[in-house]
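Remember, it's a predicted structure, so these values are computed and weren't measured experimentally.
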Amino acid sequence: MDYIQIGRRIRNIRKSKNMTQEKLAEIVDISLTHMSHIETGSTKLSLPVLAKISKALNTSKDELLFGKVQPLNPVTLNRIAELFEHCSARDICIMTDILLATKATLDKNR
């Protein structure tokens with residue numbers, strides 16, 4: 001778990017809803033210091049606290065944990081399938097490794 005990224009997502013969503021850190025801490029029933037530490041990623045948050053934050057911000061736990069989760073549309077899925085359609089097993093392994101490395105780099109830069 002990347003607690004720094006989770007904290008950033010919580011802070012960004014909280015701010016987008018014009019909610020203060022104090023108000024969110026009050027709703028979640030934790031101290032302001034604990035909320036601050038969650039948002040900076042300097043402490044881990046428990047599952048019950050995550051659930052309360054999710055409810056207070058009216059957002060999914062997946063969005064807090066992993067970022068905006070958007071399902072792929074059928075056109076995109078078909079395009080991806082076409083890319084792999086005539087590849088050898090070796091080519092598919094290489095392409096998969098490239099995709100995983102690209103995803104890791106994108107995650108680091110968020």
Legend entry - hydrophobic_cluster_shared for Leu47 and Val28, side chain cutoff 4.5 Å: yes

Inset, instruction - Give, for atom CD1 of Ile30 and atom NE2 of His37, the distance between the pair rounded to the nearest 0.5 Å. - result: 11.0 Å

Legend entry - Among Arg11, Arg14, Lys15, side-chain hydrogen bond (donor to acceptor under 3.5 Å, both in side chains) partner for Glu39: Arg14

Inset, instruction - Begin with the C-alpha distance, continue with both residues' side-chain angles, and end with the deciding distance and a verdict on side chain to side chain contact (heavy atoms under 4.5 Å, CB included) for Lys52 and Ile27. - result: CA-CA 8 Å; Lys52 288 179 182 179; Ile27 293 168; over 6 Å; no

Inset, instruction - Look at atom NZ of Lys17 and say whether more than 12 heavy atoms of other residues, nucleotides or ligands are closer to it than 6.0 Å. - result: yes

Inset, instruction - Looking only at non-hydrogen atoms, find the nearest pair between Ile4 and Thr40 and report the distance. - result: CG1-O, 4.0 Å

Legend entry - Intermediate values then yes/no, side chain to side chain contact (heavy atoms under 4.5 Å, CB included), Ile94 and Asp97: CA-CA 5 Å; Ile94 292 169; Asp97 287 345; 5.7 Å; no

Legend entry - Least distance between heavy atoms, Met1 atom then Ile6 atom: SD-CD1, 3.8 Å

Inset, instruction - Could you check Met19 against Ile13 for side chain to side chain contact (heavy atoms under 4.5 Å, CB included), going step by step and ending with a plain yes or no? - result: CA-CA 9 Å; Met19 185 183 294; Ile13 294 168; over 6 Å; no

Inset, instruction - Could you check if a side-chain atom of Phe84 sits within less than 4.5 angstrom of a side-chain atom of Thr96, using non-hydrogen atoms only? - result: yes

Inset, instruction - Would you tell me whether Thr33 and Ser31 have side-chain atoms, one donor and one acceptor, within less than 3.5 Å of each other? - result: no

Legend entry - Close side-chain approach of Leu99 and Thr102, heavy atoms under 4.5 Å: no

Inset, instruction - Looking only at non-hydrogen atoms, find the nearest pair between Arg9 and Leu64 and report the distance. - result: NH1-O, 3.1 Å

Legend entry - Contact check, side chains of Leu45 and Tyr3, non-hydrogen atoms, under 4.5 Å: yes

Inset, instruction - Write down the atom of Cys87, the atom of Met95, and the distance for their closest heavy-atom approach. - result: SG-SD, 3.7 Å

Legend entry - Heavy-atom pair with the smallest gap, counting every atom of Leu57 and Ile10: CD1-O, 4.0 Å

Legend entry - Over all atoms of both residues, closest heavy-atom pair of Leu24 and Met35: CG-CE, 3.6 Å

Legend entry - Under-4.0 Å salt bridge between Glu26 and Lys23: yes

Legend entry - Between CD on residue Glu63 and CG on residue Asn12, distance to nearest 0.5 Å: 10.0 Å

Legend entry - Joint hydrophobic cluster, Ile38 plus Leu32, side-chain heavy atoms closer than 4.5 Å: no

Legend entry - Test item: Ser54 side-chain N/O and Leu50 main-chain N/O as donor-acceptor pair under 3.5 Å: no

